[in-house]
Number of protein chains: 2
Amino acid sequence: MAARAGVSRATVSRVVNGSPKVHPDSAQAVRSAIAELGYVPNRAARSLASHQSHAIALVVPEDMTRFLGDAYFASVIKGIAERLERSDYVLSLMVASQAPEPKMLRYLAGGAVDGVVVISHHIGDRSLYQIAGLMPMVFGGRAVVPGIDAYVVDVNNVEGASIATQRLVDRGCRRIASIAGSMSMQSALDRVAGWREVLEAADLEPGPVIDGDYTMHGGARAIREILAEYPDVDGVFVASDLMASGAMPVVLERGLSIPGDIAMVGYDDSPAVEACEVPLTTVRQPSEEMGALMADILVDVLSGNESRDRTTIMPTVLVERDSA
Amino acid sequence: MAARAGVSRATVSRVVNGSPKVHPDSAQAVRSAIAELGYVPNRAARSLASHQSHAIALVVPEDMTRFLGDAYFASVIKGIAERLERSDYVLSLMVASQAPEPKMLRYLAGGAVDGVVVISHHIGDRSLYQIAGLMPMVFGGRAVVPGIDAYVVDVNNVEGASIATQRLVDRGCRRIASIAGSMSMQSALDRVAGWREVLEAADLEPGPVIDGDYTMHGGARAIREILAEYPDVDGVFVASDLMASGAMPVVLERGLSIPGDIAMVGYDDSPAVEACEVPLTTVRQPSEEMGALMADILVDVLSGNESRDRTTIMPTVLVERDSA
DNA sequence: TTGTACGCGTTATCAT
DNA sequence: ATGATAACGCGTACAA
């Protein structure tokens, strides 16, 4: 390769890495040689010498089914991917059933990537902490991480849930239940808290809280339980649109009207709302922007910027449709 | 690290790679040193010296939204991931909007992975051909690749579509339409062919074929067009469950009954069927097994086995439910 | 501007 | 069984 262009390997390297100090003629010669030989620099060697991999990992400590089942993730990743497209980093998606196994951990710690974005983090999962000490790391969306050196992009879930619940209260609901997310996630806890806050402020007896596990099936299961045990419920705050899309058909199937008999407010404003027969009133969190921001932070920090805010809280807003 | 255990780097390497030729004492010493120092071998160096990355890429030439929108992919990936879990390869998911861009191509060609699995390949996309010459490659599911040195795991889509359409014919449908997949995919073309074959054999005039683009929205759009232009249609073969889940509500909404007024048969038997109000009769393809097989082939070939069949066709079977 | 030479952290090939 | 030592392919001071 070096000889092919009639220059030294050093010059080839310079051209490949866009160094300004190369004679146009040499550069051209190298470029043609590259084209002719279909030369592609070896990543391992490059990485070994430069201590960079030009790759970023998106780790999702969730099993594949859950991950691919919730359109919420689609929005976040879309934001990440689009931001990364105009960088020279490639995105490597690592979906790990439950906590990342040792294999993946060694992959990350071994220098396979320059930075990590984590979404859908579970409380108590400390397996990623060691990685945070090795490279920049950004936690996103439904994540809260105590005492770790990482960046966080999130929304105020307590507030988001409050907005949703307040809507229910305002429209006259007196018996308000909640279908919660996976209790192993901080976001789910926070949303229950926000829901409870509003009810107490309104001097209303909190209705039942059933864990819907952030899945469509879970949402259906939860609403069935609520309908069976607490027939007087007239409003329900569902902690994710996906769960709402599972719960709604169950309600309608029983001949109950939405929002007439039971008002419903979701959370996320993810593409999952499209699967809802009656347009879902929900709390929008800017998922795509959050993804873009996470990627942006990582790229920025990786380029040497040290002055980024460690935590960014994005705004939530009620999207009024028909279900409440 | 080497000194820490009082042995040479060579011995450390042997221990890390589980060589049998090491004295138990040395091995133990190395292991404790590894634990104490939190040592993790550098991937780049290892890869550079061994010419292996111990990583496999799953490339999906599709935009994120489509990818995350079709539960069909979930099954395939699940199969791949589970098979890979008991290997020492990590799975790196690369979703590329449209054709893989140069960045990803250079990533693959640069030796970042040892092998590649491709799903959702589009006709005419030759960008991956150069990669196939560099490392083992397996095309899966909805893919057909002419003149390329790669493994293929697929179903007979013509036959699958025939089975579905025959069902429609058998139950007495006389005017049978089809909602097709993206015409840029071989699977979509094949399914239309299978549908047409049966109609011609039954001496039935083929109904309209509308492109539903393998999306839920596309399915809804397609059935609307069919209903508007060809009100006499009494049966429809939908080339994916996801599209069927989009088309079904439209039919029901118009007060038409399924299968009474219009019988419907889907394809995939993916988790998307669960979103269908009337249980969907569909053609099952063993997506998860196909994923597992693809991973298995790759791991096997990577371990030196040269005698694998280049092509494996998996069976399809009609799953009879209520919609037809 | 260009080339030389060393170093990056492992594995692999030899001796021992 | 173990330890030198040479690759592995590229980036990069340093010299020219």
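The sequence lines fix the lettering, A, B, ..., with proteins before strands; numbering per chain opens at 1.
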#### Entry: Residues that A:Asp149 engages under side-chain hydrogen bond (donor to acceptor under 3.5 Å, both in side chains), provided they are two or more places apart
A:Arg310
### Query
Going by atom types only, do B:Ser303 and B:Asn305 share a side-chain donor-acceptor pair under 3.5 Å?
no
### Task
May I have the distance from A:Asp25 (atom CG) to C:dT2 (atom C1'), rounded to whole angstrom?
13 Å
### Query
Does the pair A:Leu189 and A:Ile123 meet the rule for a side-chain contact (heavy atoms from CB on, under 4.5 Å), with working shown?
CA-CA 10 Å; A:Leu189 265 28; A:Ile123 296 173; 3.4 Å; yes
### Query
Do B:Ser120 and B:Tyr214 have side-chain N/O donor and acceptor atoms under 3.5 Å apart?
no
### Query
Between A:His51 (NE2) and C:dT10 (C1'), how many Å, whole number?
14 Å
### Task
List the protein contact pattern of nucleotides 10-16 of chain D with one symbol per nucleotide (5' to 3'): B for base contact, S for sugar-phosphate-only contact, - for none; contact means a heavy-atom distance under 4.0 Å.
BBBB---
### Query
Taking atom C1' of C:dT10 as reference, at what distance in whole Å does atom CG of B:Leu48 sit?
8 Å
### Message
Classify the ring geometry of B:Phe73 against B:Phe67: parallel below 30°, tilted from 30° to 60°, perpendicular beyond 60°.
### Response
tilted
### B:Ser13 and B:Asn17: CA distance, side-chain angles, deciding distance, side-chain contact (heavy atoms from CB on, under 4.5 Å) verdict
CA-CA 6 Å; B:Ser13 175; B:Asn17 296 303; 3.3 Å; yes
## Note on the structure
Atom NZ of B:Lys21 and atom P of C:dT11 are separated, to the nearest Å, by 17 Å
### Query
When you measure from the side chain of A:His23, which nucleotide among C:dT2, D:dG9, C:dG3 comes out closest?
C:dT2
### Task
Please report, rounded to the nearest Å, how far the P atom of C:dT10 is from the CZ atom of A:Arg106.
12 Å
